[in-house]
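Report on one structure; see the data block that follows.
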Amino acid sequence: MASGRLLATVTCTAPVNIAVIKYWGKRDEELILPINSSLSVTLHQDQLKTTTTAAISKDFTEDRVWLNGQEEDVGQPRLQACLREIRRLARKRRSTVDGDLLPLSLSYKVHVASVNNFPTAAGLASSAAGYACLAYTLARVYGVEDDLSEVARRGSGSACRSLYGGFVEWQMGEQADGKDSVARQVAPELHWPQLRILVLVVSAEKKPTGSTVGMQTSVETSPLLKFRAESVVPARMREMLSCIQARDFQGFAELTMKDSNQFHATCLDTFPPISYLNDISRKIMQLVHHFNAYHRQTKVAYTFDAGPNAVIFTLEDTMAEFVAAVRHSFPPETNGDKFLKGLQVTPVLLSEELKAALATEPTPGGVQYIIATQVGPGPQILDDPHVHLLGPDGLPKPAA
Ligand code: DP6
């Protein structure tokens with residue numbers, strides 16, 4: 001096919017986010033409306049991101065999607081919901097704005113290719129970055145300028161929080177149609193420059209119960225989840241917001257750990273019970289608490305999603321010492337030089353007192369590697385055509 005037939009090709013990137021007040025449970029499965037609001041921190045795309053190219057052409061005969069080079073089933077309901085939703089918004093726009101170009105392109109099929117710069121097998125939530133990137137890229141291709149919360153949310157609930165950088169709230173909303181269930185930034189990327197994030201990759205195994213099915217069973221069976229959503233989260237959202245606004249690390253850190261623990265408690269309260277944490281996850285929790293006790297101050301916090309990997313929050317001045325503590329407790333079995341990826345951390349020696357305070361038998365290989373990162377910006381549009389993942393024929397370039 002001649003390259004001139006591609007009407008538009010756009011490439012964008014989107015970030016991963018990690019919730020500090022967790023989303024768990026839907027009140028509407030179809031529209032993906034949550035039973036409580038949630039709040040997250042956007043991670044920097046220098047370390048973790050999804051890149052997506054979308055192209056439309058008169059010559060495409062069907063919508064097609066490739067993920068990390070493999071063609072996916074475009075019929076998946078959530079993918080279909082995103083495509084339907086973006087075309088609906090584009091159609092709405094056409095009726096209000098100049099519609100010369102759009103009517104044509106709306107009937108065109110789209111090709112989408114998407115890659116992650118981190119291993120999907122690492123068990124990191126790639127669906128949030130993936131669907132945020134899809135929504136953002138399709139919006140550029142179809143000329144949609146509306147709020148994209150709904151488009152991203154229909155792919156994966158947590159994806160709407162990856163549409164913004166910095167600190168992001170997903171308001172649960174009250175309306176049955178979900179129009180008020182939207183994400184918004186509560187503090188910008190540069191609001192808290194000292195904040196650092198460490199992803200401790202524990203296991204590359206696929207998670208046993210996906211979030212979608214897991215939370216469905218929790219909603220059906222866990223009285224604790226109902227209590228959490230109605231009586232705990234609303235106050236926690238307010239408290240977390242004020243800790244972030246005041247850059248109060250101790251308050252932020254304690255609430256982050258408590259909310260992660262309560263989420264995992266609701267998993268155990270689910271029947272049959274779900275457990276995402278493993279022995280290494282629990283050893284990491286212990287390490288954090290011992291580290292904080294030694295310092296008589298909350299200097300480090302953990303949070304866990306639907307898998308055993310830990311995400312650690314700390315401040316710049318504590319990062320090197322905590323990394324050394326992780327290395328001490330989980331000595332790398334091989335490739336010790338590749339144990340730490342991402343931001344540079346100057347190696348430090350642990351004091352004998354701290355080693356003694358950690359009080360744990362080292363578990364070699366328990367943590368596979370660490371990704372050091374920080375708070376980052378929202379989705380970006382890339383201008384350089386060389387970065388497109390689709391070639392002029394609308395098919396993935398060999399490397400994509
Ligand atoms: C534990 O957004 O993956 O990571 O909406 O069914 O796609 P679906 O679920 P998903 O759930 C994320 C759950 C969590 C907590 C969070 O990110 O808030």
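First listed ligand is number 1; within each ligand, the first listed atom is number 1.
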Check this for me: does any side-chain nitrogen of one of Asp259 and Arg228 sit under 4.0 Å from a carboxylate oxygen of the other?
yes
What atoms in ligand 1 come closer than 4.0 Å to a heavy atom of Lys26?
5 (O), 6 (O), 8 (P)
Can we say Lys355 and Glu352 salt-bridge, meaning some charged N sits less than 4.0 Å from an Asp/Glu carboxylate O?
yes
For Phe263, state whether at least one heavy atom is located under 4.0 Å from any atom of ligand 1.
yes
Residues Glu169, Arg161: salt bridge by 4.0 Å N-O rule:
no
For Met215, atoms of ligand 1 separated by under 4.0 Å from a heavy atom
9 (O), 11 (O)
If you measure every N/O of Trp24 against every N/O of ligand 1, is any gap under 3.5 Å?
no
Got a salt bridge between Glu316 and Arg196, using NZ or NE/NH1/NH2 to carboxylate O under 4.0 Å?
yes
Checking contacts here: is it the side chain or the backbone of Ser38 that comes within 4.0 Å of ligand 1, counting heavy atoms only? Could be both or neither.
neither
Under 4.0 Å, heavy atoms only, figure out whether ligand 1 is touched by the backbone of Ile18, its side chain, both or neither.
neither
Please report whether ligand 1 has a polar contact with Ser156, defined as an N or O pair separated by less than 3.5 Å (distance criterion only).
yes
Distance filter under 4.0 Å to Ala19 heavy atoms, resulting ligand 1 atoms
16 (C), 17 (O), 18 (O)
I'd like to know whether ligand 1 has Arg78 as a neighbour, heavy-atom separation below 4.0 Å.
yes
Glu321 side chain to His295 side chain, donor-acceptor N/O pair below 3.5 angstrom
yes
Quiz question: by atom type and distance under 3.5 Å, do the side chains of Ser37 and Gln171 form a donor-acceptor pair?
no
Determine whether the side chain, the backbone, both or neither of Ser158 has a heavy atom under 4.0 Å from any heavy atom of ligand 1.
both
Can you list the ligand 1 atoms lying under 4.0 Å from a non-hydrogen atom of Ile32?
5 (O)
Salt bridge flag under 4.0 Å for residues Lys22 and Asp305:
yes
So, regarding Lys22 and ligand 1 (criterion: nitrogen or oxygen to nitrogen or oxygen, under 3.5 Å), is there a contact or not?
no
Would you mind checking if Asp63 and Arg87 are paired as a salt bridge, meaning a charged N to carboxylate O distance below 4.0 Å?
yes
I need the atoms of ligand 1 closer than 4.0 Å to a non-hydrogen atom of Ser211, numbered in the order shown.
3 (O), 9 (O), 11 (O)
Geometry only, no angles: is Gly157 polar-contacting ligand 1 at N/O separations under 3.5 Å?
yes
Electrostatic pair Glu72:Arg64 at N-O distance under 4.0 angstrom
no
